[in-house]
Amino acid sequence: MTEKSPLVFPRGFVWGAATAAYQVEGAAKADGRGESIWDRFSHTKGNILNDDNGDVACDHYHRFADDVAMMKDMGLRAYRFSISWPRVMPHGRGSINWLGLDFYDRLVDALLSVGIEPYATLYHWDLPESLQEIGGWTNRDVTGYFADYAAVMAKRLGDRVKNWMTINEPWVVAVHGNLLGDMAPGYRDKSTAIKVGHNLLVGHGRALETIKHSRPDAKVGITLSLSPVEPETDAEDDRRIAEHRYQISAGWFLNPLLTGAYPSECYPEFGEAISVIHPGDMALISRRMDFLGVQYYFRVVTGKRGDVKKVSGSKYTEMGWEVCPSALERLLVRMNQDYDLPPIFITENGAAFDDKVSKDGHVHDPERIEYLREHLHAVYRALKQNVPLKGYFAWSLLDNFEWAFGYSKRFGIVYVDYKTQKRIIKDSGHWYSRVSRRGELELT
Ligand code: GCO
């Protein structure tokens, strides 16, 4: 494939940046917001590095107007944010907190007033604690409460918000929250993780139906964290092991959503949890989405010797994640071969590096520029192979609360000084701003 720099992306390709409520909003107790499982988890000593929490974060709740003005100055066309369920419905069901709803009204109006398209995620992990107390996502009733919450949001914002994501990364919620336990609510039980994974998909299906019923012109999808799994060697056993791992991780969610059935490799993992699947669920889960959000950070390399921790010749980010843009291209091309894909957005892609404010007051982050350039190049190459890619959201707009790592990892294209809440657009933010304005990618 001969490519001439700059690479010109299709007209209408969406250029944005993403955040999530618990990671940026702060104002954890302001204006009637209820407690989430992440408030509870982060305030439990030992769960988060440096015992950080999201009480203040980037204070986006109070500073959103300036952040929106900054996005406008950066020439961003779209902003993916998440709505804090407990800010809108403090106990997850029943009463509505109108002040919480007002915040999202004002955020959406501010975005639209400067020509930035809002993309709203309904669930980015911050389940109301009251619902965790009745079993959380292991309790099928919660899928109904989630649909009710979706109805509230579609009614209030659906005249202006046309792009909705139901659940962010169900694999992370199921595995990190309920099997590995390093994320809220912090369980370590395989059967629980499988039930949570399935009910998240049921919740997605119910919310998609609810939103489409309330707002027929809405575009609704889900976002999945996806890592291609590649064999350490070409040996048959390495390839078989890698394929199996891909099916029980990526396929675990891609297949139900896009084909209406779990991969056969998943069933031996289910055990008694299979009872979580009710008649009609798979048809509900696989209701045609308007788009699919792909969130890519790294690949997995594995085989009979287990996972390869350090791939020789590869660079790694502050998270210890391999930088492998070509694997993003391979993932997207394979997905396009395996499924009848809806339009695809890269709804998260980015990296943490050891960013510092230099003496000149700027944040020089050449590694992040290279990371973003290489991954956008991979997106372009996938586009040229007819993958239906429609947009890209850098993770993240702002440095923010990186879950169990607290504030120790900086993913933003904008630096946040947490002591002063000052924002400094990093060199990568200025670079991305040029890409977004022009819709073109310089290869050098
Ligand atoms: C995720 C979440 C984000 C993370 C980001 C970096 O994909 O895990 O959506 O909230 O902060 O991915 O880990």
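Every number for a ligand or one of its atoms is a count from 1 in the order of the listing. Throughout, numbering of the chain's residues begins at 1 and tracks the sequence.
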**Request:** Kindly check if the number of other-residue, nucleotide or ligand heavy atoms within 6.0 Å of OH (Tyr187) is above 12?
**Result:** no

**Between Thr223 and Asn168: side-chain donor-acceptor atoms closer than 3.5 Å** = yes

**Asked** Can Arg330 and Ser326 be counted as having a side-chain donor-acceptor contact under 3.5 angstrom?
**Response** yes

List below, pair by pair, the N or O atoms of ligand 1 and of the protein that are less than 3.5 Å apart, including the distance to 0.1 Å; reply 'none' if no pair qualifies.
{"unit_1": "ligand 1", "atom_1": "7 (O)", "unit_2": "Glu169", "atom_2": "OE1", "d": "2.8"}
{"unit_1": "ligand 1", "atom_1": "7 (O)", "unit_2": "Glu169", "atom_2": "OE2", "d": "2.3"}
{"unit_1": "ligand 1", "atom_1": "7 (O)", "unit_2": "Glu348", "atom_2": "OE1", "d": "2.7"}
{"unit_1": "ligand 1", "atom_1": "8 (O)", "unit_2": "Glu169", "atom_2": "OE1", "d": "3.1"}
{"unit_1": "ligand 1", "atom_1": "9 (O)", "unit_2": "His124", "atom_2": "NE2", "d": "3.1"}
{"unit_1": "ligand 1", "atom_1": "9 (O)", "unit_2": "Asn168", "atom_2": "ND2", "d": "3.1"}
{"unit_1": "ligand 1", "atom_1": "9 (O)", "unit_2": "Glu348", "atom_2": "OE1", "d": "2.9"}
{"unit_1": "ligand 1", "atom_1": "9 (O)", "unit_2": "Glu348", "atom_2": "OE2", "d": "2.6"}
{"unit_1": "ligand 1", "atom_1": "10 (O)", "unit_2": "Gln23", "atom_2": "OE1", "d": "2.7"}
{"unit_1": "ligand 1", "atom_1": "10 (O)", "unit_2": "Gln23", "atom_2": "NE2", "d": "3.4"}
{"unit_1": "ligand 1", "atom_1": "10 (O)", "unit_2": "His124", "atom_2": "NE2", "d": "3.0"}
{"unit_1": "ligand 1", "atom_1": "10 (O)", "unit_2": "Trp403", "atom_2": "NE1", "d": "2.9"}
{"unit_1": "ligand 1", "atom_1": "11 (O)", "unit_2": "Gln23", "atom_2": "NE2", "d": "2.9"}
{"unit_1": "ligand 1", "atom_1": "11 (O)", "unit_2": "Trp395", "atom_2": "NE1", "d": "3.4"}
{"unit_1": "ligand 1", "atom_1": "11 (O)", "unit_2": "Glu402", "atom_2": "OE1", "d": "2.6"}
{"unit_1": "ligand 1", "atom_1": "11 (O)", "unit_2": "Trp403", "atom_2": "NE1", "d": "3.4"}
{"unit_1": "ligand 1", "atom_1": "12 (O)", "unit_2": "Tyr297", "atom_2": "OH", "d": "2.8"}
{"unit_1": "ligand 1", "atom_1": "12 (O)", "unit_2": "Glu348", "atom_2": "OE1", "d": "3.0"}
{"unit_1": "ligand 1", "atom_1": "13 (O)", "unit_2": "Glu402", "atom_2": "OE2", "d": "2.7"}

**Item:** Nearest-0.5 Å distance that lies between atom CG in Leu157 and atom CG in Leu107
**Value:** 9.0 Å

**Prompt:** Does NZ or CZ of Lys219 come closer than 6.0 Å to the centre of the six-membered ring of Phe291, within 45° of the ring's axis?
**Reply:** no

**Prompt:** So, is the end of the Arg410 side chain (NZ or CZ) under 6.0 Å from the ring centre of Tyr415 and within 45° of the ring's axis?
**Reply:** yes

